[in-house]
Amino acid sequence: PPAALHAALAAALATDAPAYEVALAPSPVHDGRYAGNGWLQELPHPITTQMWGNAALLDAETASALGVGDGDRVEIATAAGALVLPALVVVGHASRTITVELGYGRAVPGLPIADGLGGDGFALRAPGDGLLLSARVRAAGGSAPVIRSQLTLAQHDRAVAPVATLAALRRDPDLARAFRGASPSLLADKTPDGLQWAMSIDTSLCTGCNACVVACQAENNTPTVGPEHAARGRRMHWLRIDTYVDPDLAGTYVHQPVPCMHCEHAPCEYVCPVGATLHSPDGLNEQVYNRCVGTRFCSNNCPYKVRRFNWFSFERPTTTRALQHNPDVTVRSRGVMEKCTYCVQRIRGAEHVALVEHRAIRPGEVVTACQAACPTTAIAFGALAHDGPLAVRRVDPRRYELLHHLGTRPRTQHLLRVTNPAEDA
């Protein structure tokens with residue numbers, strides 16, 4: 001009987017080793033009300049990068065005390081119930097505390113997509129309890145798969161996503177020059193016969209919320225692939241957010257959104273045997289789906305790994321699914337490569353409106369889906385000839401080019417993250 005079970009667990013908690021604190025927290029699917037949404041299930045967690053499920057989040061010290069590592073199963077027992085989840089070590093997590101995100105392990109009527117995913121954190125909570133509980137935690141033996149979009153959060157001394165303190169920036173305002181290409185642009189910033197498009201992403205403003213990822217997925221009819229293919233690294237997101245931990249700055253996290261970089265000297269273009277990827281006059285790295293024969297040479301030659309290949313027909317032609325699609329964007333078929341297009345459909349739409357009205361495109365008239373969804377204005381997009389946030393960021397001393405040493409000259413550039421840690425007493 002439940003009453004007897006609760007009494008037995010309460011007695012065990014009172015006599016065993018010191019209890020751990022268990023924090024119940026909302027997740028990308030909130031408290032489970034959005035568990036049937038495949039977009040949110042396949043959305044990488046901002047800190048752990050986990051997809052399709054939850055885990056018992058803990059710090060390295062607690063994991064060592066329990067004798068577990070990533071993927072090892074742990075049992076969490078409270079007076080209300082017990083739950084077994086795979087462990088996942090999180091840098092910066094509080095010691096002797098286990099975080100369990102809610103919304104998983106639930107059956108959603110009519111939405112089987114959520115069945116069997118993760119564990120139900122509500123099983124640990126009795127009616128009237130809060131979201132901080134006392135629990136007994138132990139290694140349960142065995143392991144369970146944890147699907148993650150990143151297997152490591154370390155930069156391995158490569159400064160892929162540079163971070164600087166405010167004090168260092170004041171000493172050397174142009175310290176980001178070491179992360180910029182020395183060669184001039186192949187294309188003039190201001191051209192008399194047309195606009196050149198570009199993007200800037202401020203990693204100091206990015207919180208890793210992934211709103212841009214979902215917005216891009218909705219705008220461009222990007223499919224979800226499910227847990228099996230996601231575990232194989234076959235997710236289709238055109239925009240991803242790489243998360244890194246800076247070991248020199250007390251575990252500071254830096255989130256780096258990475259769409260197609262639209263390189264002026266694009267490595268993908270000269271290896272395509274059918275000319276499916278090419279450069280447009282306005283600076284876009286284009287992908288012609290009808291030409292693509294699926295060699296994947298472009299993806300192999302892309303140092304940023306932002307091109308996605310349709311391994312299977314993930315989109316099923318149902319009437320309901322068709323109503324969800326953006327009619328301005330082609331639904332890609334199996335066997336072709338796809339990637340970020342700077343929302344070219346919005347650019348061309350603005351061009352048509354301006355042509356009908358006998359005028360030029362105005363500054364700020366074209367807004368990409370990711371830019372529109374960003375709650376912190378970390379993403380700026382526009383024409384290089386226009387005044388506005390993009391023009392300001394293009395001359396910002398914090399500007400850097402991802403993998404600048406390869407000479408790709410990316411049109412998408414970043415601003416390095418600035419932190420202001422407290423000085424040691």
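For residues 370-382, there are no side-chain hydrogen bond (donor to acceptor under 3.5 Å, both in side chains) pairs, not counting sequence neighbours. For residues 65-75, the pairs satisfying salt bridge (charged side-chain N to carboxylate O under 4.0 Å, His left out) are Asp70-Arg148, Glu75-Arg136, Glu75-Arg138, with sequence neighbours left out.
Using a cut-off of 4.0 Å between Lys/Arg side-chain N and Asp/Glu carboxylate O, Arg96 and Glu61 are scored as not salt-bridged. Taking 4.0 Å as the cut-off between side-chain N and carboxylate O, Asp202 and Arg398 count as a salt-bridged pair. Under the 4.0 Å criterion applied to side-chain N and carboxylate O atoms, Glu338 and Arg332 are assigned as salt-bridge partners. Ion pairing between a basic and an acidic side chain is recognised when a charged N comes within 4.0 Å of a carboxylate O; Asp242 and Arg240 show such pairing. At a threshold of 4.0 Å, the pair Arg348-Asp282 counts as salt-bridged, since one of the basic side-chain nitrogens sits closer than that to a carboxylate oxygen.
A donor and an acceptor atom, one from each side chain of His255 and Thr243, are located under 3.5 Å apart.
Residues satisfying the side-chain hydrogen bond (donor to acceptor under 3.5 Å, both in side chains) test with Asp120, not counting sequence neighbours, are none. Residues passing the side chain to side chain contact (heavy atoms under 4.5 Å, CB included) test with Arg334 are Phe312, Ser313, sequence neighbours excluded. In this structure Phe381 satisfies the ring-ring contact (aromatic ring centres under 6.0 Å, His included) test together with Trp197, Tyr342, sequence neighbours excluded. In terms of the side chain to side chain contact (heavy atoms under 4.5 Å, CB included) criterion, residue partners of Ala167 (sequence neighbours excluded) are, by chain and number, Thr165, Arg171.
The aromatic rings of Phe179 and Tyr400 stand perpendicular to each other, their planes meeting at an angle above 60°, with 30° marking the opposite boundary.
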